[in-house]
Amino acid sequence: MADSHDAGVSRGTLTMPVEGMTCASCVLRVEKALKKVEGVSAASVNLATEQTTITFDPLKVSVERLREAVSDAGYTLGKPIGEENPGESAERYKSGVRRLKFDLILSVALTLPVMIVSMFSMTQWFHNVIPLGMKERNVLLLLLTAPILLYSGRRFFEGFWKTARHGTADMNTLVAVGTGAAFLYSAVATLFPGWLAGSANGESVYFDTAATIITLILTGRYLEARARRRASDAIRNLIALQPSTARVIRDGKETDIPVAGVIAGDIVVIRPGERIPVDGLVASGSTTVDESMVTGESLPIEKSSGDRLVGGTVNRNGSVTLRATAVGEHTVLAQIVKLVEEAQGSKAPIQNLADRIASVFVPSVIALALLTFAGWLFVADATFTHSLVNFIAVLIIACPCALGLATPTAMTVGVGVAATHGILIRNAGSLERLTSVSTIVMDKTGTLTSGKPTVTDVIPLWENTREGLLGFAAAVERQSEHPLAEAIVESARQSHVGIREAESFRSLTGLGVTAVVDGRRVAAGNHAMMAGEGIDVSAALTVVARLSEEGKSILFVAIDGKAAGFIAVADRIKPTSAQAVGDLRQMGIDVIMMTGDNETTARAIASQSGIKRVLAGILPAGKAASIRSLQAEGKTVAMVGDGINDAPALAVADVGIALGTGTDIAMDAADITLMKGDLSTIAAAIRLSSATLRIIRQNLFWAFMYNVVAIPLAALGLLTPVVAAGAMALSSVSVVTNSLRLRRFAP
């Protein structure tokens with residue numbers, strides 16, 4: 001799948017920056033241009049991040065061809081995200097803001113004298129200070145205004161020309177036509193007054209209008225650019241987590257090298273207080289690690305030999321060495337950044353309405369402006385200049401900037417905020433669907449429970465002590481591969497019980513194991529094994545029955561043909577599971593547990609978790625069918641799981657939620673990944689989703705209402721072009737600022 005034109009491109013999906021976009025119409029034009037290219041299956045453009053995500057067949061289309069298509073539409077496609085380093089991206093942004101700031105400063109510096117001359121030239125005081133005739137005044141205004149339009153405002157006219165060449169229009173068209181008409185009319189009235197009857201007296205020039213419109217729109221654009229940059233802070237913060245260098249041991253020496261030079265298998269030295277440069281396993285030493293910026297987990301995690309370390313997290317108080325297992329784009333941090341970028345570049349279904357309106361908005365506004373001009377001139381019998389002013393006001397007030405920013409800015413902030421709390425959202429659609437979830441189905445093992453069996457009860461039946469019984473059981477189980485055996489051996493180690501050597505080990509499938517320990521025959525297994533061995537365990541059955549009802553598995557231990565005691569093992573629920581279920585139920589969401597376990601064990605775990613409905617005995621192949629069955633009941637279903645066998649159900653559910661502590665396959669199939677593996681973040685994700693959708697609806701409402709109210713006022717002559725320009729700039733800034741309120745969200 002490699003692309004021959006751009007080295008390093010080996011994916012069918014790329015996210016690339018787009019330069020030159022200003023409004024919703026631009027977004028649709030770029031998308032349309034890309035989708036026309038043969039081999040492109042999907043293209044989504046985000047105005048807030050100024051990026052496009054393209055899905056294409058590299059065998060049919062090259063990146064260079066994509067650039068040509070976008071260029072033909074009047075815009076510029078940059079390097080694929082990931083091919084340029086963060087420094088290039090930051091410098092591109094800073095350079096653009098510097099240019100915009102300089103243009104704004106120049107525009108303000110020239111607009112102020114234009115406004116002063118225009119306002120006070122009618123007073124006697126002005127003529128006493130500056131003895132200028134009307135013609136000389138107008139020439140001065142012309143000389144001051146020309147640089148504003150031709151230099152500071154050139155971006156609008158360049159954009160207008162690019163779109164005009166392709167027979168289209170956008171925000172630049174409205175601004176360029178409006179200010180250009182005001183300037184040209186005023187210039188003609190100044191230089192060739194005889195051409196325009198009634199204008200020779202010089203009172204009908206609009207240099208101040210043209211200059212002020214450009215200045216106000218540039219002011220709004222500058223404030224908007226800074227605010228939009230803040231909307232993408234989360235992803236830049238994630239990228240900044242990775243150190244630039246790593247200290248590796250090569251040829252027996254410690255050497256500092258660029259992190260890009262680390263290869264899998266390298267031994268990396270990490271000292272207290274340093275950020276971990278790549279993913280790997282602890283090779284030596286122990287420490288605690290702050291993983292909050294990656295997983296959202298606020299408490300430091302203890303790490304020792306063999307434990308997993310994630311690049312970008314902070315080593316707290318111990319020195320360790322790490323054996324690198326994943327570097328570059330394969331690290332967890334790189335995958336998180338990629339996922340967040342793709343999610344921020346995707347479109348939510350709620351955006352469709354704005355897109356449909358934007359597709360016809362600018363042509364409709366131009367037509368309405370022309371009708372306004374004709375109506376005032378021919379029907380209302382107004383002067384040419386009055387009709388022109390109203391024509392300009394309609395063009396300026398209707399710029400669709402706010403409409404184009406309403407959804408993507410909120411989504412960009414929402415997805416970024418979620419990532420900082422360890423909630424990874426695959427696309428904007430899943431964030432929107434999450435708000436309508438009515439039922440959440442949770443897998444048991446590894447989701448509600450820790451997924452790791454632990455010993456809960458050790459009960460001897462005769463002279464054996466607890467430690468003695470556990471020692472015999474661990475000795476015989478140490479050679480077994482059964483999950484319960486691992487739990488018993490681990491419990492003996494934690495209790496500092498010496499584990500003796502066992503001889504004549506024998507495993508009986510489905511029953512248990514036997515061995516000789518210190519010359520004594522030890523049998524450890526289930527009730528059926530005890531019966532087969534002729535061992536009487538009736539004295540323990542009452543207690544065993546009670547423990548079984550609690551969802552615990554029972555291992556009987558017999559020594560020399562006599563029952564010695566039993567050990568209960570359970571997969572305990574996570575400390576946060578019950579609280580998480582309670583939070584979801586308070587939100588009016590029905591919570592269901594699904595498991596392959598028997599009904600008794602399932603009910604016990606469900607009871608501890610506060611879950612009322614249980615789907616027990618569901619084999620992996622039947623999980624997806626169970627989700628479909630719930631959907632057939634009219635429920636909007638979210639599935640939460642962590643294992644390979646959960647992947648089909650995660651894919652079928654309306655929203656698939658995977659735990660980051662689970663398998664990569666489960667996460668690949670999910671719409672949302674909880675990096676911390678804490679179910680309490682499900683409620684947080686739903687609340688964030690609701691908050692994001694609420695902000696989007698507010699943005700869209702005010703963007704629509706702004707145009708619904710303002711355009712008729714401008715057409716009726718109740719808004720001057722200057723007021724229209726100020727209102728238009730303010731509308732865009734207000735939409736972005738409203739979206740930034742999401743940054744204050746806390747789970």
Side-chain angles (χ1 to χ4, degrees), residues 437-454 456-457 482-484 487 510-511 526-528 541 544-555 568-582 584-585 589-659 661-663 665-666 669-670 677 679 682:
V437 166
S438 60
T439 301
I440 292 182
V441 179
M442 295 186 180
D443 176 53
K444 179 183 79 70
T445 305
T447 302
L448 282 164
T449 67
S450 63
K452 184 177 181 181
T454 57
T456 60
D457 304 88
H482 195 280
L484 297 187
L511 297 173
N526 56 24
H527 188 271
L541 292 183
V544 167
R546 175 178 60 80
L547 294 175
S548 296
E549 289 176 358
E550 295 175 2
K552 298 176 181 179
S553 300
I554 307 300
L555 182 84
V569 179
D571 182 7
R572 292 176 173 173
I573 70 166
K574 296 176 180 176
T576 57
S577 292
Q579 180 64 47
V581 171
L584 293 171
R585 292 182 63 188
I589 297 173
D590 186 25
V591 183
I592 300 173
M593 187 181 82
M594 182 161 58
T595 179
D597 283 347
N598 60 62
E599 187 79 19
T600 300
T601 301
R603 289 287 175 191
I605 297 297
S607 176
Q608 296 174 45
S609 305
I611 296 175
K612 305 298 183 184
R613 185 175 177 184
V614 175
L615 302 177
I618 306 296
L619 298 176
K623 288 187 175 183
S626 297
I627 297 295
R628 290 193 183 97
S629 178
L630 292 169
Q631 290 170 328
E633 297 176 15
K635 301 178 186 297
T636 302
V637 183
M639 169 69 190
V640 187
D642 76 321
I644 293 175
N645 57 15
D646 296 323
L650 290 169
V652 167
D654 296 288
V655 180
I657 303 174
L659 303 187
T661 51
T663 66
I665 293 177
L679 296 181
I682 297 176

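Only heavy atoms go into these numbers, but all of them, side chains included; no hydrogens, no water, no symmetry mates. Quantities reported herein were computed from a predicted structural model and do not represent experimental measurements.
- Closest approach of A578 and Q608 over heavy atoms only: CB-O, 3.8 Å.
- Residues L679 and L448 form a side-chain contact, since some pair of their non-hydrogen atoms from C-beta on lies under 4.5 Å apart.
- In this structure, K612 NZ and R603 CZ are separated by 10.5 Å, a value rounded to the nearest 0.5 Å.
- Two residues are said to be in side-chain contact when any heavy atoms from C-beta on lie closer than 4.5 Å; L541 and H527 meet this criterion.
- Residues T454 and V569 fail the side-chain proximity criterion, which asks for heavy atoms closer than 4.5 Å.
- Between A602 and A616, the closest heavy-atom pair is CB-CB, 3.9 Å.
- Looking at T636, D654, T439 one by one, the single match for side chain to side chain donor-acceptor pair (under 3.5 Å) with Q631 turns out to be D654.
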Worked check of side chain to side chain donor-acceptor pair (under 3.5 Å) between S450 and D571: CA-CA 6 Å; S450 63; D571 182 7; 3.2 Å; yes

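- Judged by distance alone, with hydrogens and angles left aside, the side-chain atoms of T449 form a donor-acceptor pair with the main-chain N or O of K444 at under 3.5 Å.
- Side-chain contact annotation: T595 with D443, donor-acceptor N/O pair under 3.5 Å absent.
- Looking only at side-chain heavy atoms (C-beta outward), V441 and S626 stay at 4.5 Å or farther from each other.
- Pairing each heavy atom of L650 with each of G641, the nearest pair is CD2-N, 3.9 Å.
- Within the 4.5 Å cutoff, no side-chain heavy atoms of L615 are placed close to those of M593.
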Quick one, T456 with R572, criterion side-chain contact (heavy atoms from CB on, under 4.5 Å). Give me CA distance, side-chain angles, the key distance, then yes/no. CA-CA 9 Å; T456 60; R572 292 176 173 173; 3.5 Å; yes

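- In this structure, I592 and M442 have side chains that are not in contact, with every pair of non-hydrogen atoms separated by 4.5 Å or more.
- Between T447 and L659, some side-chain heavy-atom pair lies under the 4.5 Å cut-off.
- R585 has its side chain within reach of V591: a pair of non-hydrogen atoms, C-beta onward, lies under 4.5 Å apart.
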V640 and I440: CA distance, side-chain angles, deciding distance, side-chain contact (heavy atoms from CB on, under 4.5 Å) verdict: CA-CA 7 Å; V640 187; I440 292 182; 3.7 Å; yes

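- Between the S609 side chain and the I605 main chain, a donor and an acceptor come within less than 3.5 Å of each other.
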